[in-house]
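These notes concern the structure reproduced below.
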Amino acid sequence: MEKKQINDRIEALREVMRRERLSAFIFPATDPHHSEYVPDRWKGREWISGFDGSAGTAVVTLKSAALWTDSRYFLAAEEQLRGTEFQLMRLKVAGTPTIAEWLDQELADVDGAEVGCDGWVNSYGEVEQLKADLRACHGMTLRINLDPLERIWKDRPQVPANKVAVHPLEFAGEPARDKLSRIRHELRLRHCDGMLVSALDDIAWTLNLRGTDVRCNPVFVAYLLIASDKATLFIDPCKLTPEVEDYLREEGVATADYDQVVDGLRRYGEYNILMDPAETNARVAAADMPHCRKVMRPSPVPAMKTIKNATEIEGFRRAMLRDGVAMVKFLRWLGPAVARGGETEMSVDRKLTALRAEQQHFRDISFDTIAGYGPHGAIVHYEASPATDAPLRPEGLLLLDSGAQYSDGTTDITRTIALGPVTEEERRVYTLVLKAHIQLELAKFPDGACGTQIDALAREPLWRAGLNFLHGTGHGVGSYLCVHEGPHQIRMEYMPAPLHSGMTVTDEPGIYVAGKFGVRIENTLLIEADRQTDFGAFLKMDSLTLCPIDMAPLDVALLTLEEREWLNGYHARVYAELSPLLDGEDEAWLRKATMAI
C-alpha cells in the first residue's frame with residue numbers, strides 16, 4: 001500500500017477529529033463481536049495504518065500516531081509502517097508505554113482532552129478499563145458514539161450477506177436444542193435467566209450452523225439472545241435459506257434482523273441477563289434495559305465448546321488422516337520440485353492447498369499459509385506476497401505453517417523442512433525446538449491444571465540453551481470452526497483456564513533468528529484421561545496430527561533416549577495409519593521418512 005495513501009487517510013481522520021473536538025482516536029483490530037479475524041468492513045485499523053496483522057491497536061492524535069502489536073508481528077509491522085507517521089509500540093517489551101500512558105505524554109498540553117473510539121468495535125470490558133486509565137491521566141475522557149470511518153472510508157465494504165448452512169448432526173454430534181438446554185443449565189448455576197451470545201464461533205457452535213463471512217473461519221455475522229424459554233438469532237434475513245429457516249424453527253430458535261439487537265434487548269422480559277464483558281461491544285452493552293439487571297460475567301459457552309464430543313473427536317481423527325495424506329504427497333513432491341527450480345514461497349502454498357482440496361470434505365484453508373524461506377522464516381506470522389515471494393533453493397530451511405477446514409475437523413500443522421544442506425546453527429536450533437515439542441507431547445499433568453503451569457515443560461530445553469520465544473506454545477482448535485479457540489492456552493503469561501479431557505490444543509514451540517531463519521514444529525493434540533491415582537485424575541496428550549517430522553536437519557546426538565523413543569513411536573504410528581491410504585512413490589517416500597533412528 002502506498003505510504004502517501006496512509007498519510008492522506010490520517011489527515012482526513014484529523015479533519016473529522018477537529019470538527020468533533022477529539023484529541024485522539026483509537027482503532028482496535030476487532031469487529032462488533034470481538035473476533036480475532038474480522039470481515040473486511042471492520043478492518044478499520046488496517047485501513048488507517050496499513051498494518052494487516054490480526055493483533056494490534058492504532059492510535060492517532062492531531063500531531064502523532066502509534067501502533068501497538070505483539071512479538072509475532074514486530075518485523076512485519078516495522079516494514080508495513082515504514083514511511084508512515086505510525087510509531088511501532090512493541091507490546092510486553094520493557095519501556096513500551098500503554099496506550100493511556102502514551103496519550104498522557106502526547107496530550108500533556110491539552111486540558112480536558114477527549115479521546116474517541118467506536119463503541120461498536122470495542123468490548124465493554126476494554127472500554128471500562130480504558131475509561132479508568134484515561135481518568136487517571138490528567139482526567140481525560142472517552143467518547144464511544146462516533147465512527148469516523150463512516151465519513152472518510154468512501155469505498156468501505158458492506159456487512160457480508162453470505163448464506164448460512166446447517167452443520168449436519170453427523171459432524172456436530174449434538175443437536176442445537178440440546179446445546180441450548182445445557183447452556184440454560186449453566187446459566188441457572190450462575191443465577192442468570194438468559195444471556196446475549198456475541199462471539200461468532202460460539203453462535204455457530206451452539207446452533208450447528210456455519211457460514212463464510214470471515215476468511216478461513218466458517219462463521220457468520222449475528223447475535224444470539226437466549227432466554228429461559230426461547231432463543232432469538234439476530235441476523236440479516238437475506239442470509240437465511242428456506243432450509244435454514246425451517247431448521248431453526250425445529251430447534252426452537254426465532255429470527256430477527258441483525259440491526260434490531262438493541263431493540264431486542266429492550267424487549268427482553270427476564271429479570272437479568274448475562275453479557276460477557278470481553279465479547280459484548282460497548283454500544284450493545286449500553287442498551288437501555290431499565291427492568292433487567294445486567295450481569296457482566298464470562299460466557300459459559302467457550303468452555304463448553306472446547307470439550308469435544310465423541311463425534312467431533314472421531315471427525316478430527318478422520319480429518320487428520322486426509323490432511324496427512326495431502327501433507328505426505330506435498331512433502332514427497334517438494335524436494336525434487338525445488339531441485340528443478342522455479343518454485344517460490346507462494347507456489348508451494350498453492351501446491352499444498354490444491355492437494356488438500358482433493359481430499360473429501362475439504363471446505364477451505366483454516367488460515368493464510370505461512371511459507372517462510374530462510375530469513376522470512378524468522379518473521380513469526382509472515383505471509384508471502386508478490387513483492388516478497390522468495391524463490392526456493394536446494395539449501396536452508398523452509399518454515400511451513402498451514403491448515404485446512406474440513407466438514408469434520410480443522411487442522412493446524414507446522415513443519416520446518418530442510419531443502420538441502422543446513423548450517424550447524426540451523427541444525428542445533430532445529431533439534432532444540434524438536435526437543436521442546438516432544439517434552440510437551442510427553443507431559444502428564446493433573447486434571448484442571450492450566451496451560452501456564454505446563455508451558456515451562458516445552459520451554460525448558462530452550463531456556464537451558466539461552467533461547468526463548470515470545471508467542472504462545474499452544475492454543476485450542478475448533479471442530480470445523482476457528483483455528484484459534486479458547487479460553488485455554490499454553491503460554492508463559494498467566495492463563496487460568498483449566499485443561500480437561502476432550503480439549504484440543506496445539507504444541508508449537510519455535511525459535512526465530514532474525515535475518516537468518518526460523519524453526520517451528522507443530523502438532524494438534526487431544527487431551528485425554530491418563531489414570532486415576534490417590535492424588536487425583538491425571539491427563540496426557542495424544543497427537544491428532546499425522547505427518548513425518550523432517551529428520552534431515554536433526555542432530556540425533558542431542559536427543560535423550562526418551563525423546564528418541566517418542567519420535568520413533570510417533571513415526572511408526574504415522575506410517576501405520578497413513579500408508580494404507582497411499583501407494584507407489586508416496587508410500588515408499590513415507591516408509592523412508594518414518595524409519596526409526
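- Summarising the geometry of Lys3 relative to Gly83, their closest heavy-atom pair is CB-O, 3.7 Å, with the distance given to 0.1 Å.
- Results of the salt bridge (charged side-chain N to carboxylate O under 4.0 Å, His left out) test with Arg520 over Asp507, Asp412, Asp401 single out Asp401 as the only residue that passes.
- One distance of note links CZ of Phe27 with OG1 of Thr57; it measures 11.5 Å at 0.5 Å rounding.
- Ring pair His167/Tyr480 is tilted by interplanar angle, where 30° to 60° counts as tilted.
- The backbone N or O of Val121 lies less than 3.5 Å from a partner atom in the side chain of Thr30, making a donor-acceptor pair.
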Worksheet item: Would Arg428 and Glu425 satisfy salt bridge (Lys or Arg N to Asp or Glu O under 4.0 Å), going step by step from the backbone distance to the final call?
Response: CA-CA 5 Å; Arg428 175 174 174 271; Glu425 182 183 23; over 6 Å; no
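- A cation-pi arrangement, defined by a distance under 6.0 Å to the six-membered ring centre and an angle within 45 degrees of its axis, is absent between Arg356 and Phe362.
- Checked by atom type and distance alone, the side chain of Lys592 never pairs as donor or acceptor with a backbone atom of Glu587 at under 3.5 Å.
- Arg393 pairs by the side chain to side chain donor-acceptor pair (under 3.5 Å) definition with Glu395, not counting sequence neighbours.
- Using a distance-only test at 3.5 Å, with no hydrogens or angles considered, a donor-acceptor pair links the side chain of Arg415 to the main chain of Glu522.
- When all heavy atoms of Ser71 and His471 are compared, the pair lying nearest together is OG-N, 4.0 Å.
- Annotation for Val219 and Cys482: closest pair CG1-SG, 4.2 Å, computed over non-hydrogen atoms.
- Of all non-hydrogen atoms in Ile490 and Gly451, the two that sit nearest each other are CG2-O, 3.6 Å.
- Taking CG of Leu200 as the start and OG of Ser35 as the end, the distance is 4.0 Å to the nearest 0.5 Å.
- Note that the CZ atom of Arg9 and the NZ atom of Lys4 stand 11.5 Å from one another [nearest 0.5 Å].
- Relative orientation of the Tyr570 and Trp566 rings is parallel, given thresholds of 30° and 60° on the angle between their planes.
- Side-chain atoms of Lys435 come within 3.5 Å of backbone N or O of Leu558 as a donor-acceptor pair.
- Between the side chain of Thr96 and the main chain of Lys92, no donor-acceptor pair closer than 3.5 Å is present.
- Taking the six-membered ring for Trp and thresholds of 30 and 60 degrees, His484 and Tyr37 have ring planes inclined between 30 and 60 degrees apart.
- In this structure, Arg45 is not positioned above the aromatic face of Phe51 in the sense of NZ or CZ being under 6.0 Å from the six-membered ring centre and within 45° of the axis.
- Looking only at distances, a side-chain donor or acceptor of Gln405 sits under 3.5 Å from a matching main-chain atom of Cys216.
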